[in-house]
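Read the numbers this way: they start at 1 and go in the same order the structure lists the ligands and their atoms.
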Amino acid sequence: MTTQIKVENLHKYFGDLEVLKGINVEISKGEVVCVIGPSGSGKSTLLRCINRLEEATDGKISVDGEMITAADANINKIRMHIGMVFQQFNLFPHLSVKANIMMAPLELKLKTKEEAEKKALELLKRVGLSEKANAMPRQLSGGQQQRVAIARALAMEPDIMLFDEPTSALDPEMVGEVLSVMKELAAMGMTMVVVTHEMGFARDAADRVLFMDEGIIMEEAPPEEMFTNPKNSRTKEFLHKVL
Ligand code: ADP
Ligand code: MG
């Protein structure tokens, strides 16, 4: 197994508040890791440190052997390889679905307009929204918008996808369509780190589940073990509330 993401002794402070208190985790290429834990435990901050939306206060993170926490790391290059999907889809409201997906590769001059369009249509097909290419975001349901947001991230052809509670803002009936797109991605071998409250997804799709609490990884295990036989009392308490 090739290590793709390596987090060593990661600490993050916001002012005096220590939000990450020494995170150590290695994620292999193609691995799907779900991160669970109570609100405020540092899950989003961990994800955001991995693509440098937040600066680590201390510790190291390497991606594909490159030290992304180094002062001279090329942040734009890092982000090109790491796609991120947020709870709020943040599509550009004034651009069509297709234009949203084409935008980043065009702005960065990675593709010609024809290539970007071809890729966008291919991705829309993959997320089941071929017929919405020319629609505007406001004409789509939340679930459809989130699938477009996933397609938009994939347009950069990332090696890693980070998801921060991608279904938390959705009406319940739309959760499934987004999770099924994510499951497909996982099955295609994408390296994924997914912060989620969807324990069913974690059970089905994760290779490993991390339980975070108060800025540390309290427990990690394959899903069947985590959900049937958690060891840590905090994990038990959390799972008791959410399952
Ligand atoms: P989670 O995603 O597990 O809910 P977060 O990583 O969002 O947790 O937040 C962890 C802690 O860090 C919380 O106490 C939160 O209020 C705090 N925090 C997050 N972002 C910031 C910020 N930009 N400035 C100050 N405090 C923050
Ligand atoms: Mg969060």
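Under the 4.0 angstrom criterion for non-hydrogen atoms, G37 is not in contact with ligand 1. Using a non-hydrogen distance threshold of 4.0 Å, G15 does not register as a contact of ligand 1.
Counting only heavy atoms of the protein, atom 8 (O) of ligand 1 lies nearest to G42 N, 3.2 Å. Of the protein's non-hydrogen atoms, K43 NZ, 2.8 Å is the one closest to atom 3 (O) of ligand 1. Summary of contacts: the protein heavy atom closest to atom 16 (O) of ligand 1 is L17 CD2, 4.9 Å. Annotation: atom 24 (N) of ligand 1 to nearest protein heavy atom, F14 CD2, 3.5 Å. The protein heavy-atom contact nearest to atom 7 (O) of ligand 1 is S44 CB, 3.6 Å.
For G40, a nitrogen or oxygen atom sits less than 3.5 Å from a nitrogen or oxygen atom of ligand 1, counting backbone and side chain alike. The shortest N or O to N or O distance between V19 and ligand 1 is not under 3.5 Å. At a 3.5 angstrom cut-off on N or O pairs, T45 counts as close to ligand 1.
By the definition of a contact as any protein heavy atom under 4.0 Å away, atom 26 (N) of ligand 1 is in contact. Per-atom contact check: atom 22 (C) of ligand 1 touches the protein, criterion being a heavy-atom distance below 4.0 Å.
Ionic pairing of E117 and K111 is not present here: no N-O contact between side-chain nitrogen and carboxylate oxygen is shorter than 4.0 angstrom. Between R234 and E219 no salt bridge is recorded (no basic side-chain N to carboxylate O distance below 4.0 Å). The existence of a salt bridge linking R203 and E224 is excluded, since no basic side-chain nitrogen approaches an acidic carboxylate oxygen closer than 4.0 Å.
Using modelled atom types and a 3.5 Å distance limit, the side chains of N134 and S96 yield no donor-acceptor pair. In the model, T45 has no side-chain atom that pairs as donor or acceptor with a side-chain atom of E54 under 3.5 Å. A donor-acceptor pair shorter than 3.5 Å cannot be found between the side chains of Q87 and S168.
For ligand 1, the atoms closer than 4.0 angstrom to any heavy atom of P38 are 3 (O).
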side-chain hydrogen bond (donor to acceptor under 3.5 Å, both in side chains) evaluation trace for Q4 with T191: CA-CA 8 Å; Q4 189 157 34; T191 307; 2.4 Å; yes
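Within the 2.8 Å limit, S44 places at least one N, O or S atom next to the Mg ion (ligand 2).
Annotation: cation-pi geometry satisfied between K12 and F14 (NZ/CZ under 6.0 angstrom from ring centroid, within 45° of ring axis).
By the rule that hydrophobic residues join a cluster once side-chain heavy atoms approach within less than 4.5 Å of another member, I5 and L53 end up as members of one cluster.
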